[in-house]
Structures are given as C-alpha cells and as structure tokens.
There are 2 protein chains.
Amino acid sequence: METRGQRSGRTGRPPRLSQEAILLAAQRILDTEGPERLSMRRLAREMSSTAMALYHHVQDKDELLLLLLDAHARRYPRPVLPSEPRTRLLAAAQVLHDLLADCPWIVEVLSFDDFVSESALWVVESIVDAAVECGMPLEDAVYAYRVIWHYTTGELAIRASRERVRSRAERPEYREHALELLDSVDFPRLNAVGRRWAGLTARDDHRKGLEAVVAGLLEQKTQAVGVAADAVRARPCC
Amino acid sequence: METRGQRSGRTGRPPRLSQEAILLAAQRILDTEGPERLSMRRLAREMSSTAMALYHHVQDKDELLLLLLDAHARRYPRPVLPSEPRTRLLAAAQVLHDLLADCPWIVEVLSFDDFVSESALWVVESIVDAAVECGMPLEDAVYAYRVIWHYTTGELAIRASRERVRSRAERPEYREHALELLDSVDFPRLNAVGRRWAGLTARDDHRKGLEAVVAGLLEQKTQAVGVAADAVRARPCC
DNA sequence: ACCTGAACACCGTTCAAGT
DNA sequence: ACCTGAACACCGTTCAAGT
C-alpha cells in the first residue's frame with residue numbers, strides 16, 4: 001500500500017514509472033481519445049517511455065484494464081440502498097449498471113459470470129443479498145444476479161459497440177434504407193414501426209427494462225416455491 | 001444473383017476468388033481455429049491469395065463478418081412457432097438466442113439495437129408480433145424486443161469472452177482464490193456461496209432467464225394498461 | 001476486372017542488453 | 001530493479017502497378 005520507491009534503500013535509480021502513474025495516464029487517454037486508442041505503445045508514448053517499461057508494473061494489457069476498472073470502482077461513491085428488499089434489489093442492479101456505464105469498454109475484457117473487480121464486489125453482494133431477502137434460496141439469488149448481469153452487460157456492450165461504429169464512420173443511410181425496403185407482407189410489424197425504429201431503440205430505457213427483469217425474477221420465485229411445496233408434499237422426505 | 005464469371009464475356013481471366021468461396025473459407029477457419037484467428041491475411045493465405053484480393057469481393061472485414069452471419073441465418077431452419085402469443089414470444093426469443101449461439105463472435109461487430117442481418121429479420125418480426133399479440137402497443141413491443149435483445153446479447157458476449165479467455169490461457173486458480181479471501185463480514189452472501197459460485201455460473205440457464213424476462217415484460221404491460229386506463233379516465237380525450 | 005507486392009500505420013509481447 | 005532497442009509475429013487497409 002506504500003507508494004513504491006519511497007521506502008526502498010538507495011539501490012538503483014528511482015523508478016520513473018509507477019502503477020499509479022500508469023493508470024492515471026491510461027485514464028487520460030481513455031477520456032480524451034477513447035478506448036480504441038489505448039494501447040501499450042500509445043500509453044508508453046504518453047509517458048515518454050517504452051512499451052516494455054510498462055510490463056514491469058502490470059502483467060499484461062488485460063491486467064491494466066482490470067486495474068482501471070478497479071480504480072474506477074474504488075472512486076465510485078457507495079450509495080445507501082433502500083432497506084425494503086425488492087426496492088433494494090432494483091436499486092443495487094441500477095448501481096451495477098451505472099458503475100459500469102462509465103467504462104463500457106471493460107465489457108470486452110471481462111470473462112465472467114465471475115464478478116467484476118474486487119472494489120465492486122459489494123454491488124454483487126448487495127444484489128445477491130437483496131434477492132435472498134426477497135425470499136429466494138441462495139442458489140436462485142445467484143441465478144438472479146446472473147440474469148441481471150447478462151442484461152446489464154448486453155446493454156453496455158451494445159452501447160460500446162454503437163459508439164465504436166459512430167466514431168469509426170458515419171454511415172447513417174445504410175440501416176435506414178434497410179427499413180424502407182421491408183416487405184409489408186413478410187414483415188407487417190417492422191413495417192409498421194418503420195422509421196420510428198431508430199428513435200425507439202436509441203432511448204435509454206435501462207431502468208424500465210431492469211424493472212421488468214426484476215419483476216420477472218421475483219414472479220418466477222413465487223411459482224418455484226409453489227412447485228417446490230408440491231414436490232415436498234408428493235415425496236415427504238428422503 | 002448469378003455466380004459471377006458465368007455470364008460475363010471473355011474479357012480478362014476468370015476470377016479465382018468469389019464471395020461465396022471466400023465465405024466458405026472464412027467459415028472453415030472459424031470452425032477449425034476459432035474467431036480470433038480469422039483475419040484478412042489468414043483468410044487470404046487459406047485461399048492461396050493475397051489479403052488485397054479479398055477487397056475486390058467484400059468492402060471490409062466488418063462486411064465479411066456480417067455476410068457470414070447472414071449466410072448462417074439463411075441456413076438456419078425456420079421453426080414453426082406456437083400460436084399462443086405468450087408461448088410464441090418465448091419461443092421466438094429462444095430462436096434468436098439459438099441462432100446467434102452458433103456465432104457469438106458476431107456480437108463484437110453488431111452495432112445494434114439495429115436488427116441482426118436481413119436473413120434473421122423474421123425472428124425480430126416474430127418477437128415484435130408476438131409481443132403485440134400479447135396485448136402490447138407497438139412501441140412497447142419494440143421495447144420488449146430490445147430488453148430481450150440486450151439479455152441475449154449479454155449472455156452471448158459473456159460466453160464468447162469466456163471462451164476467449166479459456167483458449168488464451170488456463171488460469172483457473174486466480175478467481176477461485178479470490179473467493180476464498182472474501183471477508184465473511186462484508187460479504188456474507190458471497191461467502192456462503194463460496195466455491196459453488198463457479199459451478200452455479202457455468203450452468204446454461206438461458207431459457208429460464210428468458211422466461212423471467214418475458215414474464216416481467218408482460219407483467220409490466222398489465223400494470224401499464226392499468227395506468228393508461230386511469231390516465232384515460234382522468235383526461236377523457238384530446 | 002481481377003490480382004499482386006510493397007508500404008503505411010499500427011498491435012501485444014519477448015528477449016538480451018544496458019545502468 | 002528498472003528501463004531500452006530491436007525483434008517477432010502479427011493486424012486492417014491503401015496505393016500503384018501488373019495482366
């Protein structure tokens with residue numbers, strides 16, 4: 001937890017780079033030039049160093065990105081969640097989304113169904129806990145977390161992808177044309193939506209969607225309890 | 001729609017490459033070596049040609065990937081969907097997932113909230129249509145499609161990411177350790193899950209999750225209708 | 001029209017050497 | 001211990017030239 005190079009004896013020259021400085025520079029590039037410009041080489045240039053010097057402070061690029069997420073999560077203000085379980089489940093899920101919304105690029109590097117980063121674990125804990133307090137068995141609560149996680153990730157990945165395309169090239173006519181050419185016999189509904197599609201899909205409805213997902217999960221729980229109760233009655237013990 | 005080089009006069013030599021042959025070779029690489037190995041250069045090598053020759057048959061790599069998805073969707077057998085609206089909504093959503101499950105790599109290239117490819121549009125139409133027949137106004141049906149889309153995409157992106165990590169390096173101890181180190185005071189729920197986490201999150205619960213999402217969306221609809229009805233009563237006309 | 005070779009402007013990472 | 005330079009093995013794409 002000490003800043004490196006502070007306590008060390010006078011062996012060798014003081015390090016020019018540090019993990020902290022690297023993360024700061026990386027975040028600067030992320031903010032000013034976007035995630036697609038963040039490379040080890042570009043980062044080294046930003047620090048007037050060489051790409052290889054970075055590898056003395058981070059294992060590889062993936063670790064760098066995870067450290068960036070971790071730092072972001074550590075900075076993120078930890079909100080007070082409502083006490084009523086269902087509202088808390090929804091609120092915690094919203095926090096998960098909001099926390100990651102600032103760095104949707106991270107989705108590409110996250111391999112999980114694992115958790116996010118250590119600093120964001122409290123969000124996962126909150127979600128699972130709220131789900132349990134809603135009456136779910138622990139395993140179902142984990143499953144509920146996963147559904148929420150998939151939904152959240154999906155929204156973020158699409159947002160990131162949309163931004164990537166937008167920044168790469170402006171070709172707005174392409175998709176709009178596709179919508180005009182729709183056969184109204186084969187595609188009556190999409191045809192009825194027509195040009196409104198773009199407007200409808202651009203809206204930020206994450207919250208509303210989250211409400212639906214949470215509601216669905218809780219409804220499923222109720223049914224499952226019913227089924228479980230029946231099963232217990234049928235086969236009294238084991 | 002004619003195979004190129006068939007009807008053309010005897011101007012120039014016959015083309016060695018064709019879009020069809022390119023897509024076939026690309027699919028071969030995808031199947032045998034995985035999506036991360038599919039590059040324009042690798043593809044050219046596969047065809048004993050040069051990377052630049054490919055650019056006479058596809059605009060760029062993105063178009064290549066979209067064409068691959070399109071071809072896959074065209075091959076995909078179009079199932080008969082159940083007629084009951086709610087079951088149909090669920091079934092159509094499942095088809096969307098299954099269709100894309102064979103090529104999760106495509107998620108990285110899809111910018112949408114737009115639709116998939118033209119050949120898969122019927123799935124989108126089915127979902128929106130089923131949602132409408134469940135009693136949703138058209139705009140809500142599009143919104144329902146988006147929620148389903150986000151959920152599906154999220155699951156696929158995570159699956160793709162997991163496969164990517166698995167193929168890149170086997171480091172299973174890393175995350176397992178993290179789970180042991182959890183503070184049982186700060187993280188009672190995650191602590192209780194403990195080692196079971198990996199097993200729980202590896203399960204394929206997409207169907208069950210989809211049921212929850214669909215149920216939640218339909219429940220929301222019911223409430224919205226209630227609210228809308230109230231609103232109508234309050235302000236009779238306009 | 002179709003294809004090639006060389007080039008541009010990049011990547012992440014390894015390795016041997018320097019201080 | 002910390003950093004550098006050169007190298008390895010790649011990318012997608014452009015451009016001018018060939019047949």
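Proteins come first, then strands; the chains are lettered A, B, ... in the order of their sequence lines, and each starts at number 1.
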* **Side-chain donor or acceptor of B/D60 paired with backbone N/O of B/E63 under 3.5 Å** => yes

* **Atom pair distance, as rounded to whole Å: CG in A/L65 and P in C/dC11** => 14 Å

* Asked: For D/dC3, does OP1 or OP2 lie under 4.0 Å from any side-chain N or O of A/H57?
  -> yes

* Go ahead and name the base partner of D/dT19; Watson-Crick or wobble counts if both distances stay under 3.5 Å, otherwise write none. => C/dA1

* Could you pick out which residue, A/A53 or A/R41, lies toward the 5' side of DNA chain D when each is mapped onto its nearest nucleotide? => A/A53

* Take the protein atom CE of A/M40 and the nucleotide atom P of C/dC10, then report the distance between them rounded to whole Å. => 17 Å

* **Flag, side chain of A/R45 to backbone of A/T50, donor-acceptor distance under 3.5 Å** => no

* When the distance from CG of B/L64 to P of D/dT13 is rounded to whole Å, what number comes out? -> 10 Å

* To do: Could you state the atom-to-atom distance from CE of A/M52 to C1' of C/dA17 in whole Å?
  => 13 Å

* Nearest-Å distance for atom pair CD/P, residues B/Q19 and C/dA1 -> 17 Å

* To do: In whole angstrom, give the distance that lies between atom CZ of B/R45 and atom C1' of D/dC10.
  => 10 Å

* Asked: Got a donor-acceptor contact below 3.5 angstrom from the B/H72 side chain to the B/L99 backbone?
  -> yes

* Just to confirm, is there a sub-4.0 Å distance from OP1 or OP2 of D/dT13 to any side-chain nitrogen or oxygen of B/Y55? -> yes

* **Working for side-chain contact (heavy atoms from CB on, under 4.5 Å), residues A/L190 and A/W197** => CA-CA 8 Å; A/L190 296 182; A/W197 183 274; 3.8 Å; yes

* Does C/dC3 have OP1 or OP2 sitting under 4.0 Å from an N or O in the side chain of B/S49? -> no

* To do: Once you apply the 3.5 Å cut-off to both distances, tell me the Watson-Crick or G-U wobble partner of D/dA6, or none.
  => C/dT14

* Inter-nucleotide P distance (D/dA9, C/dC10), Å rounded -> 23 Å

* Confirm from the modelled atom types if B/H56 and C/dC3 form a donor-acceptor pair under 3.5 Å, side chain to base only. => yes

* OP1, OP2 of D/dC11 versus side-chain N and O of B/S39: anything below 4.0 Å? -> yes

* Asked: What integer distance in Å separates B/E36:CD from D/dC10:P?
  -> 13 Å

* Asked: Which whole-number value in Å describes the distance from B/Q59 CD to D/dT13 P?
  -> 10 Å

* Less than 4.5 Å apart, any side-chain heavy atom of B/Y76 and any of B/V95? -> yes

* Taking the side chain of A/K61 as heavy atoms from C-beta outward, which of D/dG12, C/dT13, D/dG5 is closest to it? -> C/dT13

